[in-house]
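Let me begin by presenting the structure, written as structure tokens, before commenting on it.
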Amino acid sequence: MHLLSASCVCALLAVATTALFRQVAGLETVSGLYGETLEIPCHNGAIQEDDVLITKWKYDKGEGLPGDLLVKQKNHNVLISATDEYKDRVSMAANSSLLLSAAKLSDQRTFTCMVVAHLDIREYPINVVIYKSPEGLEISDQAEALEIGKPTKLGTCVAKDASPAANITWLKNNKPLVADGKGISIEPTVLVDPITGLSTTTSTLVYSAEKEDTDAQFTCSTQPTVGSELVSSPVTLTITYSTENIVLQVIAQEPLVEGDNVTLKCVADGNPAPTSFNFHLQEETVTVENSNTYTIRNVSRETSGEYKCSLIDDPLMEASKDVTVNYLDINLSPSGNIVERVGEALDLTLQIDSSGESKVFWTKDNIMLDKEPKFAALTYSDSGSYECEVTMGLLSRKASFDLIVEGAPVIKQLSKHRGEDGQHKVLICEAEGSPKPAVSWSINGTLLDESPFINGKITHKITVVPSANLTVSCTVTNDFGTDTRAINVSSLIEEVRMDKRDQSDDSDQTKLVVGVVVGLLIATLVIGLAYWVYMKKSKQGSWKTGEKENGSSEEEKKLEEKVEENSQKAEV
């Protein structure tokens, strides 16, 4: 293929505009980002590059006037024909696309690619649109605080240098706010830079706060035509409102008892919260500045009562609380160490003074009792350590006394029995008394055991080997008296002889009983045999008269009764 001269190209293009067939493709749109290099496609592969003789790019300057950009002949370099602002900004890609650097809003126009293939000339117009996201979102002119029920300018959200102009949305806790003409008012404005053509959108939010808006986060956002959503940094504002409720709190350890400290705390729901209060005590009013607490020290039962607090600037706004100082006093009489005589009465009284219902528990020697002890007539077993515990909720008081019952000793029982080996006797002397009685015997013996002295009781055991019948006495003695009791103790030889005689008597009695039983059994058998013989003969003589039969019947009855009587004796 021969190269065409410039004059031939011009002639060819002139002929193409008048006589040759001309095909114009449908208008397409290409989007580009502001400041970036924009690639505008030529024919999108509709024509083979080898068939292209000439490629020319031009643009619409307005009012129907075209502007040349560049032209390229086959096998030649690109020739820049532009003389205006595009002179240094245009170039051509290998696929005939137009490369437009540093895209501007003024580039939003129609660019046309003209292609000459042999004698066929085609044009491909492309509409260009340039987009630019805002440089950022920020909330300015923020309010220091919002007052409940009062419309206040919350702030202004600004989206700078965008194309097209940004559409700003206000959000509270990520939920969009919609202007309602009452509590929410949104006023948007758009300014266009006359040089760059970029738009700056400003949106002002006027908001009437509610108490629930405390700690709420306000943001603004915009959704650009290209790119992701933009969201401003959150703004949290102080919500101010007057006090509507006031509460008096009582701070003290539980239970509050005499001698403790109690703190009264006045809490108001206003924002900012009040810092000064009046505390109304029982007989006076105390004003506290820059604090909402007042402490009463070393309380007593007289401190109990109703307390109040109120606002200094609004005395009718007040709260009250009852304060109860718990107390529990007990008095046990008698107490301490108590020594009484056995048999006497002991009056026990427990007085309780408390601020509430109480419960009483008694123990003796650390063992729980099921009721309060009564001492109408003291016994030695009443001796011990007594303690009463009185409780009222978490409060507890204790009192105690140690009771010792004294008296002359008394022997309660004196007994004897043979030792396990049969070679000695064991004598047991059981006594009561306090203080501990001394135990003595009228004969010498070996001490076998002495029980511990508990509740005035003692048990003394000795072993003896008597060679003759004796009378042995046990004597108990303490500071209050003496008691003696005697018991007969037979010798071991005499007991053996008596045992043998008892065994002989038992043998003779056994023989007699056996003889009687055997005799009764023999008599029963004889009578039974006689009865059987008689009955047999009676059956053979049934032809006799009725009178004889009646006589025989009576005899049979007597014989049966006799047999029954002997049978009973035999059983015995």
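Each ring-ring contact (aromatic ring centres under 6.0 Å, His included) pair with one or both residues in residues 364-402, not counting sequence neighbours, appears once here: Phe375-Tyr386, Tyr386-Phe401. Residue pairs meeting the ring-ring contact (aromatic ring centres under 6.0 Å, His included) criterion with at least one partner in residues 201-238, sequence neighbours excluded, are Tyr207-Phe218. For residues 429-438, the side chain to side chain donor-acceptor pair (under 3.5 Å) pairs, not counting sequence neighbours, are Lys436-Glu450. For residues 358-405, there are no disulfide (SG to SG under 2.5 Å) pairs, not counting sequence neighbours. Sorted by first then second residue, the disulfide (SG to SG under 2.5 Å) pairs that include residues 319-370, not counting sequence neighbours, number zero. Legend: disulfide (SG to SG under 2.5 Å) pairs involving residues 398-482, not counting sequence neighbours, sorted by first then second residue: Cys429-Cys474. Pairs engaging residues 284-298 under the side chain to side chain donor-acceptor pair (under 3.5 Å) rule: Thr263-Thr295, Ser276-Glu289, Asn278-Thr287, His280-Thr285, Ser291-Thr293 [sequence neighbours left out].
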Quick one: side chains of residues 228-241, donor-acceptor pairs under 3.5 Å with protein atoms, not counting sequence neighbours, listed by atom name and distance.
| from | atom 1 | to | atom 2 | distance (Å) |
| --- | --- | --- | --- | --- |
| Glu229 | OE2 | Ser221 | OG | 3.2 |
| Ser232 | OG | Cys220 | N | 3.0 |
| Ser232 | OG | Cys220 | O | 3.4 |
| Thr240 | OG1 | Leu146 | O | 3.3 |
| Tyr241 | OH | Asp269 | O | 3.1 |

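His424 contributes atom NE2, which lies 11.0 Å from atom CD1 of Ile462 (distance to the nearest 0.5 angstrom).
Using a 4.0 Å cut-off between a side-chain N of Lys or Arg and a carboxylate O of Asp or Glu, Arg301 and Asp353 qualify as a salt bridge. Between Glu244 and Lys211, at least one side-chain nitrogen of the basic residue sits less than 4.0 Å from a carboxylate oxygen of the acidic one, meeting the salt-bridge criterion. Salt-bridge annotation for Asp213 and Lys172: present, with a side-chain N of the basic residue lying under 4.0 Å from a carboxylate O of the acidic one.
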Does the salt bridge (charged side-chain N to carboxylate O under 4.0 Å, His left out) test come out yes or no for Glu387 and Lys364, once each step is laid out?
CA-CA 7 Å; Glu387 182 181 75; Lys364 177 189 177 186; over 6 Å; no
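Asn488 pairs by the side chain to side chain donor-acceptor pair (under 3.5 Å) definition with Thr471, not counting sequence neighbours. Residues passing the side chain to side chain contact (heavy atoms under 4.5 Å, CB included) test with Ala377: none are found, sequence neighbours excluded. With sequence neighbours left out, Ser381 forms a side chain to side chain donor-acceptor pair (under 3.5 Å) with Thr379. By the side chain to side chain contact (heavy atoms under 4.5 Å, CB included) test, Ser451 is found to be paired with Ile458, Thr459, residues two or more places apart in sequence or in another chain being considered.
Contact check for Leu154 versus Trp170: side-chain heavy atoms found under the 4.5 Å cut-off.
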